[in-house]
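Working notes, structure below.
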Amino acid sequence: MALPGFLRRERIVARPGFNRWLIPPAALAVHLCIGQAYATSVYKNALVDHFAVSQTAIGIVFSIAIVMLGLSAALFGTWVDRNGPRAAMFTSACFWVSGFLVGGLGIETGQLWLLYLGYGVLGGIGLGIGYISPVSTLIKWFPDRPGLATGMAIMGFGGGALIASPLSRQLMSWYDPSYDGTAGTVPNGEAVAALFFTFAALYLVFMMFGAFIVRVPAEGWKPDGFDPSTVKQKALVTTESVSARNAVKTPQFWLLWTVLFCNVTAGIGILEQASPMIQDFFRDGDTSTVAATAAAGFVGVLSLFNMAGRFVWSSTSDYIGRKPIYMVYLGVGLVLYIALATIGSSATWLFVLLAAVIISFYGGGFATIPAYLRDLFGTYQVGAIHGRLLTAWAAAGVAGPLIVNSVLDTQGEPGSLVAANYRPALFIMVGLLAVGFVANLLVRPVDSKWHEPHRDASGAATPTPERSAVR
Amino acid sequence: MSTSISKEQSADGQRPVHTPTGLIAFAWTLVGVPLAYGLYQTVKTALTLFTG
């Protein structure tokens with residue numbers, strides 16, 4: 001289907017002199033909105049009450065959204081690369097906002113399937129397209145600092161939850177005066193529906209703003225003082241191009257898929273259970289020395305480290321390299337996980353410190369992966385390759401909670417668990433991190449047979465000797 | 001950090017543009033204000049871990 005003229009890539013090629021610092025806020029405008037996906041717990045109990053169903057029936061909405069994120073990022077990645085960031089951000093906004101409208105209608109009319117279809121399916125597609133929409137553009141605008149650039153955008157995804165959680169509580173307390181946002185009170189369904197409609201309007205404005213200010217650099221553009229030949233000198237960094245179709249045939253792609261899957265699954269192991277986990281680690285009999293309000297504070301600390309890790313660690317990777325930083329995420333993360341399992345219950349400050357650093361590595365793993373892909377496969381179809389790799393996130397989104405919940409189910413009833421009951425699950429995560437560490441160690445430069453052919457002045461391709469055999 | 005154009009682009013004959021500083025400031029403010037709100041609220045919640 002042909003795109004309307006104003007969405008086409010050729011309409012948004014930046015003219016000489018365009019300031020690239022307008023691109024990060026365009027990316028943030030999208031990621032801050034779609035990051036709301038991590039703030040769904042704010043109204044989860046309200047929806048359980050409203051629909052009179054189980055926690056699982058409502059939890060499925062988030063699972064559908066994450067699975068759709070992975071699928072849509074994989075399926076539409078090439079489309080996003082071909083049509084550019086404006087078309088992608090515009091499409092993402094349409095799906096994301098439609099998701100809230102249809103989901104809100106489902107809540108208003110008591111039709112749970114509409115919530116699944118709206119927030120889960122439509123919203124999930126918006127999430128997937130929106131997540132990858134600015135990534136390749138940022139990498140092209142910041143060839144000198146790709147880790148910083150993608151870190152800024154993906155930090156926005158973490159930031160989106162920080163905004164949506166308190167904003168949701170505030171808005172719902174306006175729509176339902178009997179709800180004051182404190183533990184123990186639950187807003188009614190109408191308040192949640194009104195929240196969905198409000199978010200639809202707010203996110204439409206923000207995401208469209210991002211879509212209309214974003215630009216792609218002209219062919220051959222480079223920042224002041226940047227010498228592309230210096231990039232090639234770094235280990236594992238290529239100036240060649242690999243197509244998305246060929247990338248998935250390389251061992252490097254599947255090694256990075258394993259790295260991302262292991263890192264995300266391990267992070268979810270803590271995030272999934274953060275609030276009950278800290279209370280259980282410091283339980284003495286029926287009571288915990290950590291109060292419910294302090295446990296909520298712990299979730300806040302993790303959110304801050306999750307967001308900060310995305311920016312700080314990804315930016316650091318520009319200096320120390322992508323492979324070494326993943327050795328830190330997975331290797332140091334593994335040691336910290338062992339410490340958490342063995343000595344984490346000796347002091348609250350130690351538990352919080354260990355968990356916070358582990359979660360910063362979880363965030364860093366998300367934010368650094370696009371730059372790692374750029375290093376290995378070039379910028380040619382990095383958005384599409386990133387999209388395909390995000391299926392690892394969808395798989396981890398299912399595997400992480402499944403591992404933790406199924407292990408804890410064998411250990412006892414919620415409210416009676418202690419630190420020792422968490423050890424089996426934590427040691428499974430240690431094993432996963434070890435697998436990820438080895439996968440990262442095995443990453444080597446991509447074989448030249450997968451490189452796209454160079455074109456001469458007449459536009460004719462000059463294939464590498466092995467190339468014809470693999471295409 | 002300033003940005004520049006390559007010599008090839010200059011040769012295209014395209015008229016250079018100047019991105020208004022006000023637009024850049026507005027764009028950063030638009031995303032910065034909600035982010036600051038979210039950070040403030042989260043830090044406030046996080047402090048209960050140490051005070052509550």
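Only heavy atoms go into these numbers, but all of them, side chains included; no hydrogens, no water, no symmetry mates. It should be emphasised that the depicted structure is a prediction, and the values quoted were computed from it without experimental measurement. Residue numbering restarts at 1 for every chain, and letters A, B, ... go by the order of the sequence lines.
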Worksheet item: How many angstroms lie between atom CZ of A:R169 and atom CD of B:Q41, to the nearest 0.5 angstrom?
Response: 8.5 Å
Practice prompt. Identify the residues of residues 297-309 of chain A whose heavy atoms come closer than 4.5 Å to a heavy atom of chain B, ordered by number, or report 'none'.
Written response: A:G297, A:F298, A:G300, A:V301, A:S303, A:L304, A:M307
Item to complete: Enumerate by number any residue of residues 158-165 of chain A whose heavy atoms lie under 4.5 Å from heavy atoms of chain B; in the absence of such residues, state 'none'.
Response: A:G159, A:L162, A:I163
Discussion item. Applying a heavy-atom distance below 4.5 Å, give me the residues of residues 24-38 of chain A that approach chain B, sorted by number.
Written reply: A:P24, A:P25, A:L28, A:A29, A:L32
Item to complete: Output the option from B:T42, B:T45, B:V43 having the highest count of non-hydrogen pairs under 4.5 Å with chain A.
Response: B:T42
Practice prompt. For B:Y40, look at atom OH and say whether over 12 heavy atoms of other residues, nucleotides or ligands are found less than 6.0 Å away.
Written response: no
Discussion item. Around atom CZ of A:R9, are there more than 12 heavy atoms from other residues, nucleotides or ligands closer than 6.0 Å?
Written reply: yes
Worksheet entry | Minimal non-hydrogen separation, B:P34 against A:F206, with atom names | CG-CZ, 3.8 Å
Cut-off 3.5 Å, no hydrogens considered: what does the side-chain donor-acceptor table look like for residues 16-30 of chain B, sequence neighbours left out?
| from | atom 1 | to | atom 2 | distance (Å) |
| --- | --- | --- | --- | --- |
| B:T19 | OG1 | A:N19 | N | 2.8 |
| B:W28 | NE1 | A:W21 | O | 2.9 |
| B:T29 | OG1 | B:A25 | O | 2.6 |

